[in-house]
Every structure is written in structure tokens, then in C-alpha cells.
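Below is one structure, written out as C-alpha cells; comments come after it.
Numbering of ligands and ligand atoms starts at 1, following listing order. The figures here come from the full heavy-atom set of this structure, side chains too, leaving out hydrogens, waters and symmetry mates.
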Amino acid sequence: MNTNAQKICRIGVLISGRGSNMSALADAISDGRVPGGVIAIVISDHACAAGLARAAERGLETLVIERRGRTREAHEAEIIEALRTRNVDIVCLAGFMSLLSSHFIEAYRGSILNIHPSLLPAFPGLDAQRQALEYGVRWSGCTVHFVDETVDGGLIIEQRVVPVHDDDTEATLAARILIEEHQLYPAAVARVVRGDYEIHERRIIKRTFKV
Ligand code: GRF
């Protein structure tokens, strides 16, 4: 028996649209950049999400769970059931546009990750790139964080910085940030899968580092 075998971490990815971060994560896993990680299911709350085809192209199981006029509780219960059925260990939000209730967050407390296109805590919520341009910051970026009951306010796992150029539009800035997102999310997921960190108040730091 191989006692050094790495425990497999089963990942559920929730999307609503294009799914480029989901694709980047899937490709990183295929390339061996997320040791121990495997995508168990990709769930979309929109049947027309382009990411569904991208997931299927990569051989991933996909599922559409639409809200269809149901309560948020009923919708989330179906998602949680689908994740549990597949023994999902961590949930990665990747452009998932539904706000999660505290019930969902409790079900996967400390195991839900999100990627946001700003340097949090600056510019949480919608249209982060537009907020950054309107505020006039010279640097922006992206953040992967744990999800709690706040809007984009959970503990920060990893961040990357990008410059804001004088001639930037929302689209050009978003495109520059997205390139970094596609590197950052797999790196952050790999870190969580490795589990070699400790939480000191709000800081996620290497386990070996003494404070
Ligand atoms: C990304 O910019 C991500 O940071 C934000 O939503 C967008 C999703 O894009 N949360 P994609 O669906 O992963 O292409």
C-alpha cells in the first residue's frame, strides 16, 4: 500500500455564465498543478451558461439547477444535495451569480471559495472593475477568498495585482485582470487542497511560519 498517497479533494464548481475560471481550474488540474484536486461536478444555475459546454468538452459532469420560481432555500437544497451525492469536499464559486444563504454557507463552512476581480476589501460586489476605474485607483487585481455571510468579505487566500492604464476601459481592465484570475484561482485551490496553512485572526499564513 502506498502510504504517501495524497488524499483526493473533490471539488464542486458553481457557475452562471462563461466559465473561464472553471476551465482554467480544470486545465490546471489536468496539467498537475492542483495535486490531489479533482472536479466532481460543475453546476450552473442558468441552462444557457456557456461554461456548461466548456465543462462538457473537458469531460466533466455538468448539471443545471435553475431557480425556476422556487425559494432560495429549495434551490440551494437541491444544489447541496447534488454536491453531497458526489462527496464534494470544497465548493468553488466561479462567476456564480446567486447569493448564498447562511444555510448553504453553514453546510460547507470554511470550504467555499470565490474569485473576485478586485483587490479586496476594495470594490466588493458587482462591477468591481468599473468601481476601480471610477475611483481612480492606479492598481487593481483579483482576490480568491473564503466565502462567509458578508459580501466578498471572507478571509483572503491569495491575491494578484495588475496596473490600471490611463486609456483603460472597463473591458480592457477586466481582460487584464482575467488573465491573472486564471493563474490565481488554481494556485489558491491548490493551497487549500494542500491545507498547509493556519488562520490567525484574518490572516491565512503558512503552517510553518511562527507569529
Ligand atoms: C470573473 O471575473 C470572476 O472574478 C467574477 O465573475 C467573473 C466570472 O467569469 N466572480 P468566468 O465565468 O469565470 O469567465
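Closest to atom 2 (O) of ligand 1 among all protein heavy atoms lies Glu181 OE2, 3.1 Å. The protein non-hydrogen atom at the shortest distance from atom 9 (O) of ligand 1 is Arg18 NH2, 3.1 Å. For atom 12 (O) of ligand 1, the nearest protein heavy atom (residue, atom name, distance) is Gly19 N, 2.8 Å. Ranking the protein heavy atoms by distance from atom 8 (C) of ligand 1 puts Gly95 CA, 3.6 Å first.
More than 12 heavy-atom neighbours from other residues, nucleotides or ligands sit within 6.0 angstrom of NE2 on His165.
With salt bridges taken as basic N to acidic carboxylate O contacts below 4.0 Å, one links Arg109 and Glu149. Taking a cutoff of 4.0 Å between a charged side-chain nitrogen and a carboxylate oxygen, Arg33 and Asp27 do not qualify as a salt bridge.
In this structure, Gly51 does not count as a contact residue of ligand 1, since none of its heavy atoms falls inside 4.0 Å of the ligand. Heavy atoms of Ile115 come nearer than 4.0 angstrom to ligand 1 in at least one pair.
Judged by distance alone, with hydrogens and angles left aside, the side-chain atoms of His75 form no donor-acceptor pair with the main-chain N or O of Arg68 at under 3.5 Å.
A side chain to side chain donor-acceptor pair (under 3.5 Å) with Ser20 is found for exactly one of His182, Arg54, Glu181, namely His182.
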